[in-house]
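Note sheet for the following structure.
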Amino acid sequence: MALSPINQRRFANFRANRRGWWSLWLFSALFVVSLGAEFVANEKPIVVHFDGGWYFPIFVDYPESVFSGELPTTAYYRDPYVEGLIRDNGWLLWPPIRYSYRTINYDLTVPAPSPPSSENWLGTDDQGRDVLARLIYGFRISVLFGLALTVLSSMVGIAAATVQGYYGGWVDLGFQRLVEIWGGLPVLYILIIMAAIIEPNFWWLLGLMLLFSWVTLVGVVRAEVLRTRNFDYVRAARALGLGHGAIMFRHVLPNAMVAALTFLPFILNGSITTLTSLDFLGFGMPPGSPSLGELLAQGKNNLHAPWLGIAAFTTLAVMLSLLIFIGEAVRDAFDPRRNQAARAA
């Protein structure tokens, strides 16, 4: 589908921002790699060819007895005995990193946390788990959590702000008081209290944070709707008998979305930072989950192992910087002054 002339100008403005354009490509590449983390860092081989048959341990758990072993339990492919059985009658294709986020390296020659080596490229944490593998899986969880929270909170906030700004009057006044009260609640304290009652997990944290994060876009979208609802084409649609719902979501909301889109990368940034902060404080994902915040906490508790803090900080700095650069490019692309300058040129 061809873009409209104004969207073509916006895309050209976005692409003209080289920093934001290349940040989008780099962030997308990192995210795609993290989505296939099981194929990059795993304690199981990707493909096993044994005795003429093909096996895919990443997707299916095979017992050791399938490979002529003695035990009926799930095969542990890092065991030299199991690997030897397979290589006697076939071969294995391993991922580049032969560790998952939960795999413990029992063959360390120094106490954990161990420094970077040819076996563990970024070292291990204080439990002997590979740092690079945990960074890859932690990156995926952070971005997926941030994307889910950004999309859901934006949908709720935009819908509430559209209703609030369109009807105005007492509806607007009542919504504003609710937003002011709701936005003033101490979210971190509430999360800490709830974490002491219920063991947090991905979906629990997402739902709880959604209760408070939807107010982020209300102010911006409400102001745009208040301005747009008095435009001539909106009055004409109302005079023709078009329903309020159709007017709001067909004529008013598209104009308000321009302002909302420029904030989405920054909301995503804040969502990732919030999850990292909760993990750092110990109120985030369950223990053992791959978490950038938990790795930062390990760096704080193990100052003699600087690779832990440096690896986590570098990953967060690169991720958040790329998102900021993308957000700045999106903001400039939707800036009406830039569009007018491009049209004049």
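Along the sequence shown, the residues carry numbers beginning at 1. Predicted model, so just to flag it, every value in this text is computed and none were measured.
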Is the [X] ring parallel, tilted or perpendicular to the [Y] ring (thresholds 30°, 60°)?
X	Y	value
Trp25	Trp21	perpendicular
Phe212	Trp182	parallel
Tyr62	Tyr55	perpendicular

Please check if the number of heavy atoms outside [X] that lie under 6.0 Å from its [atom1] is greater than 12.
X	atom1	result
Glu70	CD	no
Tyr76	OH	yes
Phe67	CZ	yes
Tyr189	OH	no

**OP:** Kindly indicate, with the supporting measurements, whether the criterion side-chain contact (heavy atoms from CB on, under 4.5 Å) is fulfilled by Tyr137 and Arg102.
**Re:** CA-CA 10 Å; Tyr137 283 88; Arg102 61 179 179 269; over 6 Å; no
Nearest heavy-atom pair of [X] and [Y]: which atoms, and what distance?
X	Y	result
Thr124	Leu108	OG1-CD1, 3.9 Å
Phe39	Pro95	O-CB, 3.5 Å
Glu294	Asp279	N-CB, 3.8 Å
Pro113	Leu308	CB-CD1, 4.1 Å

Any side-chain heavy atom of [X] within less than 4.5 Å of one from [Y]?
X	Y	value
Leu26	Leu322	yes
Tyr167	Val225	no
Asp130	Thr103	no
Trp307	Leu122	no
Phe139	Val33	no
Leu296	Leu292	no
Leu264	Val330	no

